[in-house]
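Just the heavy atoms: all of them, side chains too, but no hydrogens, waters or symmetry mates, feed the values below.
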Amino acid sequence: AINNDAIFTFHLEAVEIYNEKVIVLQQKQRVESFAESMPILAGCIRQRNVCSTGLNNQSSRSHCIITFTIQSQDDLSSGIKHSGTICFVDLAGSERCSRANTIGKHLVEGCAINKSLLSLGQVISSLQRNAENHQGSPLRRDTRQHVPWRQSKLTLILKEVLENSCSTCFVLCVSSR
């Protein structure tokens, strides 16, 4: 049943993961509407680390995670609260340094990007294997495969939205170059 007395609050925050360092682009801030969040998001995008490489004029050199938290309270007297989180993640693309013609600082950035993407793939594979091995039966601690969350800052930050009963959707933009 829909409670017309419910009180909703929305919060937005954004971080960038650059060379395995977490950089706060936007502290957690209350927003009243999606329209109000658009200029904040535009500011976050302008702050991101980008550079020109041999494959891309505006190459993202970091991953960006934008988190919206939605909380509702049935009414002021009941105290019953519900919360949900939506994360939008812009992953920097993996790159082969020989084709991107990166050297020095940009080569280091590319290595950090590739390492974190590899870690994300390993986490997703481990989660998938655990789900397949224990379909229909409770997970026993001694038979679960270790999930390597701590291999990168990206996977540590995404842990909450990838594990347990969370729904995850990936949208990919892939270049053949």
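- Put simply, the side chain of Lys115 gets close to the backbone of Gln151: a donor and an acceptor are under 3.5 Å apart.
- To the nearest 0.5 angstrom, Phe10 atom CZ is 11.0 Å from Glu36 atom CD.
- Of the inter-residue distances, the one linking Ile17 atom CD1 with Leu154 atom CG reads 4.5 Å to the nearest 0.5 angstrom.
- Using a 4.5 Å cut-off on side-chain heavy atoms (C-beta onward), Asn49 and Ser60 make no contact.
- Separating the CG atom in Leu91 from the CG atom in Leu158 is a distance of 7.5 Å, to the nearest 0.5 Å.
- A donor-acceptor pair under 3.5 Å is formed between the side chain of His63 and the backbone N or O of Ala92.
- Relative ring orientation between Phe34 and Phe68 is described as tilted, the plane-to-plane angle lying within the 30° to 60° band.
- Residues Glu16 and Ser62 have side chains that bring a donor and an acceptor to within less than 3.5 angstrom of each other.
- Residue Ile65 holds its CD1 atom at 4.5 Å from CD1 of Ile157, rounded to the nearest 0.5 Å.
- Taking CD from Glu132 and CG from Leu127, the interatomic distance works out to 11.0 Å, rounded to the nearest 0.5 Å.
- The shortest distance between side-chain heavy atoms of Pro148 and His146 falls below 4.5 Å.
- Nearest heavy-atom pair across Arg61 and Gly110 is NH2-N, 3.5 Å.
- Connection of Val161 to Leu120 is established within a shared hydrophobic cluster, with ILVMFWY side chains joined at heavy-atom distances below 4.5 Å, either directly or through further cluster members.
- Under the 4.5 Å side-chain criterion, counting only non-hydrogen atoms from C-beta, Gln73 is not in contact with His82.
- Side-chain atoms of Gln47 come within 3.5 Å of backbone N or O of Leu25 as a donor-acceptor pair.
- Within 6.0 Å of CD on Glu160 lie no more than 12 heavy atoms contributed by other residues, nucleotides or ligands.
- Two different hydrophobic clusters hold Leu118 and Val108 under the rule that ILVMFWY side chains link at heavy-atom gaps under 4.5 Å.
- Linking Ile, Leu, Val, Met, Phe, Trp and Tyr residues whenever their side-chain heavy atoms come within less than 4.5 Å places Val31 and Phe88 in a single cluster.
- The closest donor-acceptor contact from the side chain of Glu20 to the backbone of Lys153 lies under 3.5 Å.
- Residues satisfying the side-chain contact (heavy atoms from CB on, under 4.5 Å) test with Glu163, not counting sequence neighbours, are Trp149, Lys159.
- Both Ile40 and Ile86 are members of a single hydrophobic cluster when ILVMFWY side chains are connected at heavy-atom separations under 4.5 Å.
- With no hydrogens or angles considered, no side-chain donor-acceptor pair links Ser119 and Ser116 at under 3.5 Å.
- Taken from CE in Met38 to CG in Leu12, the straight-line distance is 10.5 Å, to the nearest 0.5 Å.
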